[in-house]
Amino acid sequence: MSKIIVTGGCGYIGSHTCIALLAQGHEVVVFDDLSNATKESIDRIEKIAGKRPELCIVDLKNKNATSAAFEAHKEALAVIHFAAYKAVKESVDHPLQYYENNFFSLINTLTAQQKLGINNFIFSSSATVYGMPETCPVTEKSPVSTPFSPYGNTKKIAEEILKDHTAANLDFSVISLRYFNPIGAHESGEIGELPNGIPNNLMPYITQTAAGIREKLMVFGNDYPTKDGTAIRDYIHVMDLAEAHVVAVNRLVDQKQEQNFEIYNLGTGTGYSVLEVITAFETQNNLSINYEITARRDGDVPVVFASTELASKKLGWTAKRDLNSMVKSAWNWEKNYRKND
Ligand code: UFG
């Protein structure tokens with residue numbers, strides 16, 4: 001049994017990954033400052049997995065606190081690093097907070113790992129590093145360009161930091177996972193996405209509209225060069241994403257990596273338009289969503305979907321769950337969460 005440290009493990013993707021790790025027999029320690037999640041996540045993970053991750057409340061921006069937290073878990077074999085701010089709009093309004101939080105926590109984590117010889121690191125990256133891709137599907141060799149937000153820029157620069165760090169430390173290995181659009185929830189409905197305030201992303205906006213918390217979903221643009229005019233994204237079920245992290249961490253723990261810095265896209269390879277997602281949600285959940293077409297949102301790309309070939313070939317991983325399962329699980333979680341409101 002390997003001990004894995006999951007930073008940001010109380011959050012949306014982190015908590016699903018904890019479940020997938022526990023299901024594979026790993027021991028899990030969560031490092032979280034609870035700035036954008038609550039410790040009830042740990043109870044919910046335990047309820048689903050039947051095993052409780054240890055929670056260490058630590059601010060990874062603080063170098064000494066980070067070092068002490070790692071010292072207490074120095075037998076860990078790997079770190080999966082989710083801890084970061086992730087709201088695109090907020091990052092545009094407060095860039096310094098984003099650069100401070102996302103870089104200090106990354107660098108303090110890597111420094112603490114280096115001191116203790118914890119030599120495996122999985123990084124939570126994003127398709128946002130591709131900016132406006134010229135062609136789709138997007139492969140890992142597609143050019144990285146300037147992301148549209150400080151948030152996106154933290155992902156791009158973090159990958160550069162990791163590239164330099166692995167070049168200088170050949171015994172340190174990193175897998176950077178570039179997520180496309182994670183949605184959905186664990187089938188139990190016990191954990192799921194819970195954005196702070198008004199959601200920026202499509203799926204939580206849809207589920208909150210269905211729940212009556214938001215009056216109307218605004219569909220940003222129907223004049224894109226796509227089949228129905230709305231923008232196309234590669235939505236991936238969060239449990240598929242979580243399982244990909246387990247595969248990636250096992251690859252490093254088992255020393256199966258071919259290079260000490262590897263990058264993989266995590267998507268399904270299939271793009272769906274905004275209207276297709278709404279229709280799937282309505283059909284699968286037997287309800288109707290109040291929506292209105294409005295102007296395009298600044299910075300939105302018309303079409304993005306992943307090439308999944310590399311992850312399939314090298315990791316032996318492909319997404320298993322379809323859009324119907326994503327939209328059903330998303331609504332199941334929202335309903336379950338709101339049932340006592
Ligand atoms: N959309 C709407 N109405 C909404 C919200 C979104 O029409 O209320 C549309 C968007 O215009 C876009 C699609 O739904 O066409 C998906 O939008 P999301 O905000 O859910 O996702 P994005 O593709 O904009 O962003 C996601 C992640 C980012 C990441 C980016 C990388 O949220 O963190 O992918 O491509 F940086």
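Quick note: numbers below take in every heavy atom, side chains included, and nothing from hydrogens, waters or symmetry partners. In listed order, ligands and their atoms are each counted from 1.
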Hey, which atoms in ligand 1 end up nearer than 4.0 Å to a heavy atom of [X]?
X: Asn181; result: 21 (O), 22 (P), 23 (O), 26 (C), 34 (O)
X: Tyr151; result: 33 (O), 36 (F)
X: Asn200; result: 5 (C), 19 (O)
X: Ala231; result: 15 (O)

task: Mind running ring-ring contact (aromatic ring centres under 6.0 Å, His included) on Phe123 and His245 for me, showing each step along the way?
output: CA-CA 9 Å; Phe123 183 62; His245 287 75; over 10 Å; no
- prompt: For the ring pair Tyr98 and Phe103, is the centre-to-centre distance below 6.0 Å?
  reply: no
field: Validation row, ring centre Phe31 to ring centre His81 under 6.0 Å
entry: no
Step-by-step salt bridge (Lys or Arg N to Asp or Glu O under 4.0 Å) determination, Arg233 to Glu276: CA-CA 11 Å; Arg233 293 288 180 277; Glu276 283 175 325; over 6 Å; no
[X] to ligand 1, any heavy atom closer than 4.0 Å:
X: Val219; value: yes
X: Ser126; value: yes
X: Phe148; value: no

Just need the protein heavy atom nearest to [atom], so name the residue and atom and give the distance.
atom: atom 35 (O) of ligand 1; result: Thr128 N, 3.8 Å
atom: atom 23 (O) of ligand 1; result: Arg233 NE, 2.7 Å
atom: atom 20 (O) of ligand 1; result: Leu202 N, 2.8 Å
atom: atom 1 (N) of ligand 1; result: Phe220 CD1, 3.6 Å
atom: atom 17 (O) of ligand 1; result: Arg297 NH2, 3.5 Å

field: Flag side-chain contact, heavy atom, 4.5 Å: Phe281 against Met203
entry: yes
message: side chain to side chain donor-acceptor pair (under 3.5 Å), that's the test. Do Ser288 and Glu282 meet it? Break it down for me.
response: CA-CA 5 Å; Ser288 86; Glu282 291 181 325; 4.8 Å; no
- request: Have a look at Thr7 and tell me which of Val30, Asp33, Val79, Thr66 forms a side-chain contact (heavy atoms from CB on, under 4.5 Å) with it.
  value: Val79
message: Tyr179 and side-chain contact (heavy atoms from CB on, under 4.5 Å): which single residue from Thr128, Asn265, Ile13 fits?
response: Ile13
Does ligand 1 have a heavy atom under 4.0 Å from the side chain of [X], from its backbone, from both, or from neither?
X: Val274; value: side chain
X: Tyr235; value: side chain
X: Met218; value: backbone
X: Asp300; value: side chain

Any nitrogen or oxygen of [X], main chain or side chain, under 3.5 Å from a nitrogen or oxygen of ligand 1?
X: Leu217; answer: no
X: Lys86; answer: no
X: Met203; answer: no

query: For atom 18 (P) of ligand 1, which candidate among Thr209, Asn201, Ile278 provides the closest heavy atom?
result: Asn201
message: Donor-acceptor pair, distance only, cut-off 3.5 Å: does the side chain of Asp228 make one with the backbone of Thr230?
response: yes
- prompt: Does Tyr85 share a hydrophobic cluster with Phe104, counting links as ILVMFWY side-chain heavy atoms below 4.5 Å and allowing steps through other members?
  reply: no
message: Taking the cut-offs as 6.0 angstrom to the six-membered ring centre and 45 degrees off its axis, would you call Arg178 and Tyr264 a cation-pi pair?
response: no
query: Angle class for the Tyr12/His16 ring planes (parallel below 30°, perpendicular above 60°, tilted otherwise)?
result: perpendicular
